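By convention here, the first residue in the shown sequence is residue 1. Basis for what follows: all heavy atoms, side chains included, without hydrogens, waters or symmetry-related copies. Quick caveat, the model's predicted, so the values are computed rather than measured.
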Amino acid sequence: MTEFVQTVDEIFSECGALSKLQQFEYRGQQRKMATAVAEALESRQHLIVEAPTGVGKSLAYLIPAILYSRSAKRKAVISTHTKNLQEQLFRKDVAIAQAILGAKEVHAVLLKGRRNYLCTTRLQRAMSATASLFSDDEQNELQRIFEWSLKTVDGDMENLGFTPSTSVWEMVCSEKGVCSSVICGSQCFFQQTKERVRSANVVIINHALFFTLMALQESDEQYIYPDDFVIFDEAHTLESVAGLGIGKNISRYQLLSAIHRFFNPKTKRGLFARQKKAVRALCDETHDAAWEFFETIRQVVLSKDSQAKEFRVRHPYIVDDTLTAALTRLDREAEKIQASTKREAEQNEIAAARRYLWEAQVLIGEFLEQTEFDFTYWIELGAGRNGNITLCAAPSNIAETIGPRIFRNGTSAVLTSATLAVNNSLDYFQRRIGAVGIDGLILDSPFDHNTQMKLCIVQQMPEPDAAGFATALPHWIMQSIDRSKGKALVLFTSTLLMQSIARQLAHEFAGRGITLLVQGFDYQRHELLKEFKRDVHSVLFGLESFWQGVDVPGEALEHVIITRLPFAVPNHPLIEAKLESIAQRGGNSFFEYSLPEAVLKFRQGVGRLLRSTSDRGMVTILDSRVVKKRYGRIFLSSLPKCPVEIVTSDGEAALLPLDEF
């Protein structure tokens with residue numbers, strides 16, 4: 001053990017600095033992870049760690065990362081999937097690291113995409129041009145932003161206190177070309193953040209921003225900063241986020257917004273509002289051409305599939321390019337006006353608007369031509385006649401495109417999550433992200449599942465595709481909820497089924513005096529969780545976003561009910577492309593992709609139950625395939641050992657150890 005690794009090991013030891021802090025207890029799994037991370041960083045190797053809830057993985061990678069970044073003078077990039085974890089790392093865990101290592105050792109910065117930050121230079125310009133650019137309501141928003149700018153310390157829109165309209169924020173946020181250290185100096189909030197990042201040894205960002213920034217790098221010798229290393233928390237989302245991060249999309253609303261920056265024919269405002277009539281007419285014509293181009297795409301898609309929400313495009317030129325010529329004419333006119341404008345600030349704003357127009361032309365051309373042979377192309381249709389229409393493209397397989405860039409020589413990438421293994425193996429995850437041969441570590445849970453958790457399976461429940469499933473579901477949901485007297489999170493995979501069950505059971509809940517909270521009915525997600533925690537006997541019906549990232553310790557959540565095994569419906573173009581790729585090489589797409597993905601999501605759902613060593617509760621599975629189908633054993637073997645209760649249709653139950661499955 002080297003001196004560096006030994007230092008880390010001592011911090012996490014039974015008598016170490018971490019254990020001496022209040023409310024912290026020694027965890028052998030945390031110590032094992034911390035030393036493994038230290039060894040990987042020091043030897044510039046890569047590492048994958050599954051660290052179950054309760055291990056304390058944030059500090060297990062944060063402390064060795066800080067120590068190593070200081071000693072090696074290398075920048076640590078820590079990337080998470082959710083904002084909640086970003087904030088936890090920055091507000092809570094960094095402070096703990098400072099208490100252990102000393103404040104001078106820790107200089108961490110939370111970095112978001114530049115459009116999240118207010119640019120004070122652009123704000124001043126916007127305030128002086130309100131009549132030509134903004135309506136009365138928008139001018140009121142602008143005034144509120146100005147008043148906030150005098151008080152805020154970071155200029156982060158998330159702390160603004162209200163959500164400004166897109167047309168206002170896009171004229172005052174940081175933007176390439178009109179916001180730079182030369183133009184703005186040190187007054188701009190984004191430039192201040194960039195300056196803090198330069199001197200920081202830890203930069204905390206999210207996965208989407210990481211892959212966006214990495215895609216802009218021309219050098220293979222860095223991820224984002226020279227000689228940096230990266231730690232991905234919530235790494236189970238990497239495949240999907242990385243694919244979209246280096247993918248491309250352009251929507252009708254995005255393009256219209258770019259055109260409206262020059263002139264909006266509805267509001268009569270924009271950069272060219274005071275230009276001659278012919279210029280404004282050209283903006284009108286471009287607006288109409290864009291609208292009609294996307295509407296033609298909608299009609300072509302609906303003619304092939306009248307119910308389509310996502311439609312895969314397999315061949316180039318699904319429609320003729322009737323738009324590029326109009327965009328080119330507008331850009332040429334904008335170029336002339338930019339050249340004739342004497343004010344530099346105005347030139348910069350026009351240049352920025354032109355950049356968006358140019359990017360739109362490129363993306364539309366690439367989509368129609370399908371220039372990337374290893375990409376999947378598809379169209380997403382919003383609801384209604386005026387719904388948004390988005391042209392999308394993303395790599396079909398990130399293992400070959402992203403894998404070599406993450407797992408390159410001479411640096412370290414550490415990936416961790418509570419759920420990465422399928423059937424106690426990391427092989428599936430490693431294949432999906434191009435990490436075959438990378439060292440892996442699966443840690444035990446610090447929870448005593450034999451005493452803290454019980455698994456209940458309703459054996460005689462009709463299978464989900466059977467006619468009787470939807471009919472039997474309300475009865476078994478209520479019977480399960482009665483056992484815990486509420487305090488339950490009920491996880492669904494279908495919006496329509498969830499809403500139908502909620503309506504059927506509304507009177508049952510009312511009769512029992514139990515509050516029923518349903519995703520999408522009355523509250524936003526964060527409000528639902530807040531009310532669920534407050535009303536400890538309430539029941540929450542949730543969909544996709546509640547299978548993961550939900551942390552409700554204590555009495556409010558003592559029962560997780562899984563209505564159906566979370567197999568993804570293979571109708572999304574990207575999933576369809578992945579399944580086709582496996583089939584084309586002679587593989588079994590169900591066992592190689594669909595099943596492992598479902599198992600990982602299943603483990604995430606079950607993981608909502610226990611969040612601390614004092615939690616107790618049960619997980620009920622209302623999908624009988626876990627005991628009727630051979631593949632069901634893979635789901636059950638992926639869970640920690642705990643007592644299992646098999647419930648028959650007559651309500652009788654037999655208690656068995658999980659080992660028997």
Side-chain angles (χ1 to χ4, degrees), residues 52-55 418-419 421 423-424 444-461 472-473 475-492 512 514 532-533 536-542 546-548 550-566 598-629 632-661:
T53 301
V55 164
T419 51
N423 209 14
N424 298 308
D444 296 330
S445 172
F447 300 151
D448 183 359
H449 287 82
N450 272 316
T451 60
Q452 289 184 255
M453 183 179 106
K454 180 168 70 174
L455 184 64
C456 177
I457 302 170
V458 180
Q459 186 176 29
Q460 298 305 317
M461 185 77 179
L473 198 54
H475 165 74
W476 285 108
I477 287 176
M478 286 312 305
Q479 186 171 101
S480 301
I481 285 169
D482 284 342
R483 298 185 66 180
S484 57
K485 296 180 174 57
K487 308 176 185 178
L489 172 64
V490 187
L491 296 173
F492 290 83
R512 288 165 171 78
I514 297 174
F532 184 51
K533 292 176 182 179
V536 295
H537 288 281
S538 63
V539 172
L540 196 161
F541 282 14
F546 282 90
W547 284 78
Q548 58 184 337
V550 173
D551 190 4
V552 186
E555 187 183 6
L557 178 52
E558 294 184 350
H559 198 173
V560 172
I561 301 171
I562 294 176
T563 57
R564 182 172 182 159
L565 297 178
V599 169
L600 288 173
K601 187 174 178 181
F602 173 76
R603 294 186 62 207
Q604 284 281 339
V606 172
R608 298 313 96 211
L609 182 67
L610 301 182
R611 311 304 294 176
S612 73
T613 54
S614 60
D615 283 350
R616 299 288 186 276
M618 65 188 300
V619 174
T620 296
I621 303 173
L622 300 180
D623 190 332
S624 59
R625 290 178 295 178
V626 292
V627 288
K628 291 182 178 178
K629 300 292 186 182
R633 297 176 183 175
I634 298 176
F635 284 92
L636 296 179
S637 66
S638 294
L639 298 180
K641 294 179 181 179
C642 67
V644 180
E645 185 179 272
I646 301 295
V647 181
T648 59
S649 58
D650 57 9
E652 293 184 359
L655 198 60
L656 302 169
L658 190 57
D659 291 348
E660 293 195 11
F661 293 89

Report task. Tell me, please, which residues at least two apart from F602 pass ring-ring contact (aromatic ring centres under 6.0 Å, His included). Result -> F635

Query raised in the report: Which pair of heavy atoms, one from P566 and one from A598, lies closest together, and at what distance?
Result: CG-O, 3.5 Å

**Report entry** I477: partners by side chain to side chain contact (heavy atoms under 4.5 Å, CB included), with sequence neighbours left out
**Finding:** L473, I481, V490, F492, I501, L505, F541, T563, L622

**Report entry** By side chain to side chain donor-acceptor pair (under 3.5 Å) - contacts of S480 (at least two apart)
**Finding:** none

Requested in this report: Kindly indicate, with the supporting measurements, whether the criterion side-chain contact (heavy atoms from CB on, under 4.5 Å) is fulfilled by W476 and I561.
Outcome: CA-CA 10 Å; W476 285 108; I561 301 171; over 6 Å; no

Query raised in the report: With distance as the sole criterion, is a donor-acceptor pair present between the side chains of T419 and Q604 under 3.5 Å?
Result: yes

Report task. Flag the pair V606 / L639 as yes when at least one side-chain heavy-atom distance between them is below 4.5 Å, and no otherwise. Result -> yes

Query raised in the report: Can you name the closest pair of heavy atoms from N424 and S637 and give their distance?
Result: ND2-O, 3.6 Å

Report task. Identify, with sequence neighbours excluded, every residue that meets side chain to side chain donor-acceptor pair (under 3.5 Å) alongside N450. Result -> none

Query - Any residue meeting salt bridge (Lys or Arg N to Asp or Glu O under 4.0 Å) with D482, in chain and number order, not counting sequence neighbours - result: R512

Report summary line: On a heavy-atom basis, the closest approach of S638 and N423 is OG-N, 3.2 Å

Requested in this report: Could I get the full list of side chain to side chain contact (heavy atoms under 4.5 Å, CB included) partners for L600, not counting sequence neighbours?
Outcome: V422, Y428

Query raised in the report: Any side-chain heavy atom of I457 within less than 4.5 Å of one from L636?
Result: yes

Requested in this report: Could you list the residues that satisfy side chain to side chain donor-acceptor pair (under 3.5 Å) with K533, not counting sequence neighbours?
Outcome: none

Report summary line: Output for pair (M618 CE, M453 CE), nearest 0.5 Å, gives 10.0 Å

Requested in this report: Report yes if the side chains of L491 and V560 come closer than 4.5 Å at any heavy-atom pair, otherwise no.
Outcome: yes

Query raised in the report: How long is the span from the NE2 atom in H537 to the NZ atom in K485, to the nearest 0.5 Å?
Result: 9.0 Å

Query raised in the report: For S624, what residues pass the side chain to side chain contact (heavy atoms under 4.5 Å, CB included) criterion, not counting sequence neighbours?
Result: M461, E463, K628

Requested in this report: With sequence neighbours excluded, tell me which residues meet side chain to side chain donor-acceptor pair (under 3.5 Å) with Q452.
Outcome: none

Report summary line: Quick note, salt bridge (Lys or Arg N to Asp or Glu O under 4.0 Å) partners involving residues 603-616, not counting sequence neighbours, are E50-R603, D551-R611

Query raised in the report: Looking at CG of L489 and CG of L557, how far apart are the two atoms once the value is rounded to the nearest 0.5 Å?
Result: 6.0 Å

Query raised in the report: How long is the gap from CD1 on I646 to CD1 on I621, to the nearest 0.5 Å?
Result: 9.0 Å

**Report entry** Gap between atom NE2 of H559 and atom CZ of R483 - 0.5 Å precision
**Finding:** 7.0 Å

Requested in this report: Kindly compute the distance separating CG (L610) from CD (E558), expressed to the nearest 0.5 Å.
Outcome: 10.5 Å

**Report entry** Where S538 and F532 come nearest, the two heavy atoms and their spacing
**Finding:** OG-CD1, 3.2 Å

**Report entry** Test side-chain contact (heavy atoms from CB on, under 4.5 Å) applied to R564 and R625, step by step
**Finding:** CA-CA 9 Å; R564 182 172 182 159; R625 290 178 295 178; 3.8 Å; yes

